[in-house]
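Reviewing the structure listed below.
Keep in mind it's a predicted model, so treat the numbers as computed, not measured.
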Amino acid sequence: QVRLVESGGGSVQAGGSLTLSCAASGFKYNPYCMGWFRQRPGKEREGVAAIFSRGSTYYADSVDGRFTISQDDAKKTVTLQLSSLKPEDTATYYCAAVDDPPCVLATGGNVRGMDYWGKGTLVNISS
């Protein structure tokens, strides 16, 4: 049984940094992509960053240059480093993964296209 467990959320002031981690377990083989969605208050869930099984990455325009996604060598943890945070980054951040293409986290489309989800971690940015 696949499990994704997020950690690292919290409250920081604008301009600050946070690191989110997603610990993965139960995969029989490396997922096609893993990454992070976020859901801001009153908004739909949106893809933020993804990392693919071969190492390439995707970033939403709103976070490109400020967020960095990475995974450990064993590909059991995916980390999202958030910097230059803005109040509009306030959201619940969800880790997600998909076994096979497409990776809707990167391509857009119905978020139900992702196979696995964590429960989310809250990030609150104060101005």
Side-chain angles (χ1 to χ4, degrees):
Q1 181 180 359
V2 172
R3 289 189 66 205
L4 302 177
V5 180
E6 303 98 335
S7 62
S11 296
V12 297
Q13 290 188 328
S17 301
L18 280 174
T19 299
L20 306 183
S21 294
C22 174
S25 61
F27 283 107
K28 294 183 179 179
Y29 54 90
N30 291 335
Y32 175 65
C33 86
M34 287 185 65
W36 297 85
F37 286 83
R38 70 183 180 187
Q39 189 159 16
R40 294 181 278 185
K43 303 290 187 180
E44 293 186 352
R45 200 167 293 190
E46 60 180 349
V48 174
I51 189 162
F52 292 81
S53 57
R54 296 189 177 185
S56 59
T57 56
Y58 158 84
Y59 296 96
D61 289 344
S62 58
V63 306
D64 196 9
R66 301 189 297 121
F67 292 8
T68 303
I69 191 169
S70 61
Q71 61 185 16
D72 72 353
D73 291 341
K75 299 182 180 179
K76 293 181 178 179
T77 302
V78 174
T79 299
L80 186 68
Q81 296 179 310
L82 296 70
S83 62
S84 301
L85 284 161
K86 305 175 181 180
E88 52 264 42
D89 293 318
T90 294
T92 299
Y93 284 72
Y94 297 90
C95 182
V98 66
D99 287 328
D100 300 298
C103 179
V104 296
L105 194 162
T107 63
N110 195 322
V111 299
R112 295 179 181 179
M114 301 301 288
D115 295 322
Y116 312 105
W117 290 88
K119 293 183 178 181
T121 185
L122 181 62
V123 171
N124 183 60
I125 312 302
S126 58
S127 58

| Salt bridge between Glu88 and Arg40, side-chain N to carboxylate O under 4.0 Å? | no

**Message:** Any carboxylate oxygen within less than 4.0 angstrom of a Lys/Arg side-chain nitrogen, looking at Asp89 and Arg66?
**Reply:**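 Salt bridge present between Asp89 and Arg66.
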
Measure across [X] and [Y] and return the closest heavy-atom pair with its distance rounded to 0.1 Å.
X      : Y     : result
Asp115 : Val98 : OD2-CG2, 3.3 Å
Arg3   : Val5  : NH2-CG2, 3.7 Å
Tyr59  : Ala49 : CD2-CB, 3.8 Å
Ala24  : Leu4  : CB-CD2, 3.6 Å

Nearest 0.5 angstrom please: [X] [atom1] to [Y] [atom2], how far?
X      : Y      : atom1 : atom2 : result
Ser84  : Ile125 : OG    : CD1   : 11.0 Å
Ile69  : Thr79  : CD1   : OG1   : 8.5 Å
Lys86  : Ser127 : NZ    : OG    : 14.0 Å
Cys103 : Ile51  : SG    : CD1   : 11.0 Å
Arg54  : Asn30  : CZ    : CG    : 12.0 Å

inquiry  = For Tyr116 and Phe27, take the angle between the two ring planes, folded into 0 to 90°, and tell me which bin it lands in: parallel under 30, tilted 30 to 60, perpendicular over 60.
reply    =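 The rings of Tyr116 and Phe27 stand perpendicular, inter-plane angle above 60°.
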
Any idea how Tyr32 and Phe52 line up, ring-wise: parallel (<30°), tilted (30 to 60°), or perpendicular (>60°)? perpendicular

Non-hydrogen side-chain atoms of [X] and [Y] separated by less than 4.5 Å:
X     : Y      : result
Leu80 : Thr68  : no
Gln71 : Thr77  : no
Leu20 : Val123 : yes
Thr92 : Thr121 : no
Lys76 : Ser25  : no
Leu82 : Thr19  : no
Tyr29 : Asp99  : yes
Ser53 : Met34  : no

Mark yes or no: Arg45 above the aromatic ring of Tyr94, with NZ or CZ under 6.0 Å from the six-membered ring centre and no more than 45 degrees from the axis.
yes

Report task. Indicate yes or no for a side-chain donor-acceptor contact from Gln39 to the backbone of Glu44 under 3.5 Å, with no hydrogens or angles considered. Result -> no

Can you hop from Trp36 to Val2 via hydrophobic side chains spaced under 4.5 Å?
yes

Passes ring-ring contact (aromatic ring centres under 6.0 Å, His included), Trp117 versus Phe37? Steps please. CA-CA 10 Å; Trp117 290 88; Phe37 286 83; 4.8 Å; yes

Practice item. Please test Glu46 against Arg38 for salt bridge (charged side-chain N to carboxylate O under 4.0 Å, His left out), starting from the C-alpha separation and ending with a verdict. Key: CA-CA 6 Å; Glu46 60 180 349; Arg38 70 183 180 187; 2.7 Å; yes

Does the pair Val12 and Leu85 meet the rule for a side chain to side chain contact (heavy atoms under 4.5 Å, CB included), with working shown? CA-CA 8 Å; Val12 297; Leu85 284 161; 3.7 Å; yes

